[in-house]
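Contents: one structure, followed by commentary.
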2 protein chains.
Amino acid sequence: MSDTKEELMGSAERLFAERGFAGVGIREIARAAGANTAAVNYHFESKENLWLEIMRRRAGPVNAERFRRLGEAKARAGGDPLSLGVITDALIGPVVDVLIDEKGEPDQLSIRLMTRLMVETPMLFREELLEFFAETRDRFAAALAESLPHCNPPEIQARFFYLVSAMTGLVVQAEMLSGANDCLPAKAFREVLLSCVSRTAAAIESPILANVRGQP
Amino acid sequence: MSDTKEELMGSAERLFAERGFAGVGIREIARAAGANTAAVNYHFESKENLWLEIMRRRAGPVNAERFRRLGEAKARAGGDPLSLGVITDALIGPVVDVLIDEKGEPDQLSIRLMTRLMVETPMLFREELLEFFAETRDRFAAALAESLPHCNPPEIQARFFYLVSAMTGLVVQAEMLSGANDCLPAKAFREVLLSCVSRTAAAIESPILANVRGQP
DNA sequence: GTCTATAGTACGATAGAC
DNA sequence: GTCTATCGTACTATAGAC
C-alpha cells in the first residue's frame with residue numbers, strides 16, 4: 001500500500017472518530033494527510049468506500065482474535081460444550097482490548113472510532129455489515145446453541161442479542177467512563193471493562209424470560 | 001408553541017434520526033416542515049440548539065418516569081433498600097417503553113432517534129448532557145449504594161456504569177433486532193428487550209471482579 | 001500516482017421586507 | 001412570525017495535465 005493511501009486512512013480514522021461519517025469532508029481528510037482531494041477518490045473510489053475499508057481493517061483483526069479464542073477454547077474443552085463465560089470472553093474480550101492502550105489506559109481514538117463504526121455502519125451500510133459479520137454471527141450462535149442444548153432457537157437468539165448489545169454499550173459508554181474522574185483512576189479502566197464482560201456472561205446464564213415487575 | 005415550531009421539531013426528529021446531526025441541513029429540515037430556512041434560526045437560534053431542544057423534550061419524560069418508578073418502589077418498600085431488579089427496571093424500563101409502539105412492535109423512528117441522541121450528544125454537547133442527567137445519575141447511584149451497603153464507591157460506580165452501558169447497547173442494537181426476521185416475530189420484540197432488562201439486573205447482582213480467563 | 005482546476009450543489013447564518 | 005435574498009464557505013466527484 002502506498003504511503004499516501006496509508007496517510008489518508010490514518011487521517012480519515014482520526015477525523016471520522018471525532019465527527020462521524022457526515023461530519024467530515026474528503027477535502028479535510030486529504031489536507032490532514034498532506035495529499036490532494038482527488039487522491040481520496042483515486043485510492044478509495046468514494047468516501048463510502050473509504051469508510052468501509054477502515055471498518056474492515058479495524059474489525060478484521062478483532063474477528064480473527066475472536067475465532068482464535070473460540071478455537072483455543074474448543075481445543076482445550078475436547079468435545080465438551082464451552083462455558084458461557086468463555087464464549088462471552090471470546091466475543092467481547094477482543095473488542096475491549098482494542099479500547100485499551102499498551103499502558104492499560106483508555107485509547108481515546110479507538111474508543112471513538114469503534115463507537116462511530118458500530119453505530120453508523122449499520123445505518124449507512126447494512127448489507128455490507130451483515131455480510132462482513134455473517135461468519136462471526138454463525139459461529140458464535142452455534143457455540144451458544146451447543147452450550148445451551150435445552151434452549152430453542154429464539155432463546156439462543158435472545159441471548160446472542162444480549163451479548164451483542166452489551167458489547168455495543170461497553171464501547172459507546174467507554175468514552176464517558178474514561179472521562180469520569182469521580183473516584184475511578186485511569187488504572188481501573190481496564191478492570192471495569194473486564195468486569196463488565198464477566199457480568200455479561202452471568203447475564204446470559206440466567207433463564208430469565210419475564211421482567212422484574214411481573215407483567216406478561 | 002407555534003405550529004411552525006412544532007412542525008420544525010417533528011421534521012428535525014425524523015431527519016436527525018435517519019442521518020444524524022451532521023447529516024442533515026437546516027434547509028432540508030425547514031423544507032420538510034413546509035417552512036423557510038430562516039424559521040429554524042428564528043425559533044431555535046441555531047442548529048445546535050434545535051438538537052438540544054429535541055434531546056430535552058425526548059429525555060425529559062423518560063427521566064420523569066424513572067423518578068416515578070423509583071419513588072413508587074421506595075414507597076412500597078417502606079424504609080428497606082430496593083432490590084437491584086427494581087432499580088434496574090426504573091432506570092432502563094422507561095427507555096425500553098419508548099422503543100415500542102402502542103401495538104408492542106418496534107417504533108423505528110424512536111429507536112433511531114434515541115440511538116443518535118445517546119451517541120452524538122455526548123460527543124457534541126458534553127457539558128449540557130452531564131448537567132441534564134446529573135439528577136438521574138445522583139439519584140440512581142444513591143439507590144444503588146443503599147441496596148449494596150457492602151460495596152465501596154468504585155464498586156457502586158462500576159455497577160452504575162454497567163447499567164448505563166447495557167441500556168445504551170439495548171437502544172443501539174434494537175434496530176438490528178427489529179430488522180432480524182430470522183426466527184423472532186415482531187411480537188417478540190418487546191419480550192426480548194424486557195428479558196434484557198432482567199438479565200442486566202442479574203448482571204449487577206454478581207460480585208464479579210476478575211474476568212473469566214483468570215488474569216489479574 | 002498525484003496533481004490543478006472546476007462543475008454543480010449544499011451548507012449555516014443573517015439582514016431586512018412584510 | 002414568516003418570508004426572500006444573499007454572504008461566504010464547504011461539499012463530492014471528475015476531467016485532464018504531468
Protein-nucleotide distance (B/Arg19, atom CZ; C/dA10, atom P), rounded to Å: 12 Å

Length of the CD1-P vector between A/Ile26 and C/dT9, whole Å: 17 Å

Contact nearer the 5' end of DNA chain D, comparing B/Ala35 with A/Arg31: B/Ala35

Salt-bridge criterion met for A/Glu65 and A/Arg69 (N-O under 4.0 Å): yes

Rounded distance (Å) that lies between atom P of C/dC11 and atom CG of B/Leu15: 10 Å

Separation of atom CG in B/Leu50 from atom C1' in C/dG12, rounded to whole Å: 13 Å

SB check B/Arg14 B/Glu7 (cutoff 4.0 Å): no

Side-chain N,O (A/Tyr42) to OP1/OP2 (C/dG1) below 4.0 Å: yes

Length of the line joining A/Leu8:CG and C/dT2:C1', which is rounded to integer Å: 11 Å

Nearest-Å distance for atom pair CG/P, residues A/Leu124 and D/dT12: 13 Å

Phosphate contact (D/dT2 OP1 or OP2) by B/Thr4 side-chain N/O below 4.0 Å: yes

A/Glu28 side chain, from C-beta outward: closest of D/dC11, C/dG12, D/dC3: D/dC11

Aromatic A/Tyr42 / basic A/Lys5 pairing, under 6.0 angstrom, 45° off normal: no

Closest to side chain of A/Ala38, choosing from D/dC3, D/dA13, D/dT14: D/dT14

Any B/Asn41 side-chain N or O less than 4.0 Å from OP1/OP2 of C/dA13: yes

Short side-chain N/O contact from B/Thr37 to OP1 or OP2 of D/dA5, under 4.0 Å: no

Enclosure of B/Asp138 CG (heavy-atom neighbours >12, cutoff 6.0 Å): yes

Interatomic distance where CG belongs to B/Asn49 and P belongs to C/dT14 [whole Å]: 12 Å

Any B/Arg27 side-chain N or O less than 4.0 Å from OP1/OP2 of C/dA10: no

Nearest listed nucleotide, side chain of B/Asn36, among D/dA15, D/dT4, C/dA13: D/dT4

Nearest-nucleotide 5' precedence on DNA chain C, A/Gly34 against B/Glu48: A/Gly34

From C/dA13, D/dT2, D/dA13, nucleotide with atom closest to B/His43 side chain: D/dT2

Of the listed nucleotides C/dA13, D/dC3, D/dT12, the one nearest the side chain of A/Lys47: D/dT12

Interatomic distance, B/Glu7 CD vs D/dT2 C1' [rounded to whole Å]: 14 Å

Cation-pi, B/Phe67 ring and B/Arg139 (6.0 angstrom, 45 degrees): yes

